[in-house]
Amino acid sequence: MLINVATLAQEPIGASRRYYAEHESVSVPDAGFEQVITGPIRLIRSERGILVTASLDLEPVGLVCDRCLEAFEWPVHIEFDEEYVIARDPTTGYRIETDEDDFTVDGSWHLDLSEAVRQYEESALPIQSICRPDCRGLCPTCGQNLNEGTCGCAVGTDHRWNALASLAERLRDGDEEEHDGAPEA
Ligand SMILES: [Zn+2]
Ligand SMILES: [Zn+2]
């Protein structure tokens with residue numbers, strides 16, 4: 001989504017505009033990123049450029065659960081304040097120093113929200129993808145999705161301990177030829 005700030009850029013510090021993005025597309029082709037944003041955007045003329053304050057709902061992101069490996073959708077809401085630096089002041093012609101990390105207003109007075117949305121979406125995604133807090137995951141022995149039913153592999157046993165027990169069993173089996181398979185207490 002490109003916003004033209006040619007007029008606002010010539011106004012005094014503190015001048016502002018309000019927009020509402022209604023299913024506007026944003027994309028960062030180099031990163032293979034595409035999204036659709038909805039929500040209010042406020043622009044305020046700052047000393048170095050334009051301060052953007054946004055509160056946006058994005059399309060849900062498709063993730064795969066780390067526990068049960070099922071696909072699920074994660075709703076994303078992002079809020080941010082970011083200053084878009086104007087590299088050359090429109091009234092004085094004075095060149096403003098910019099860092100590589102700065103968001104900037106381009107030479108034709110457009111401000112592009114795409115990269116900011118991409119970065120804030122990335123930080124809004126969970127570190128661990130879990131489809132729901134009580135996801136029971138897969139049985140480590142037979143692979144049954146335990147959200148869909150039990151498998152009878154380890155009745156009355158916590159599956160995480162069952163996985164450890166079977167690992168311990170395999171390690172012991174490496175040492176001894178004869179083994180009854182029962183985990184030791
Ligand atoms: Zn899951
Ligand atoms: Zn099982």
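FYI, the numbering just counts along the sequence from 1. As the structure is a prediction and not an experimental result, all values here were calculated from the model. Read the numbers this way: they start at 1 and go in the same order the structure lists the ligands and their atoms.
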Visitor: Report the residue from Val76, Val117, Thr38 that forms a side chain to side chain contact (heavy atoms under 4.5 Å, CB included) with Leu56.
Guide: Val117
Visitor: Roughly how far apart are Cys65 SG and Asn147 CG, rounded to 0.5 Å?
Guide: 7.5 Å
Visitor: What is the total of protein N/O/S atoms that are closer to the Zn ion (ligand 1) than 2.8 Å?
Guide: 4
Visitor: By side-chain hydrogen bond (donor to acceptor under 3.5 Å, both in side chains), which residues pair with Ser27, not counting sequence neighbours?
Guide: none
Visitor: List the steps and the verdict of salt bridge (Lys or Arg N to Asp or Glu O under 4.0 Å) for Glu121 and Arg118.
Guide: CA-CA 5 Å; Glu121 178 192 279; Arg118 189 189 71 79; over 6 Å; no
Visitor: Looking from the Zn ion (ligand 2), what is the angle between SG on Cys139 and SG on Cys151, to the nearest 10°?
Guide: 110°
Visitor: Taking Tyr84 for its side chain and His110 for its backbone only, find out whether a donor-acceptor pair lies under 3.5 Å.
Guide: no
Visitor: Whether the side chain of Asn4 engages the backbone of Ala6 through a donor-acceptor N/O pair (distance < 3.5 Å, no angle test) should be reported.
Guide: yes
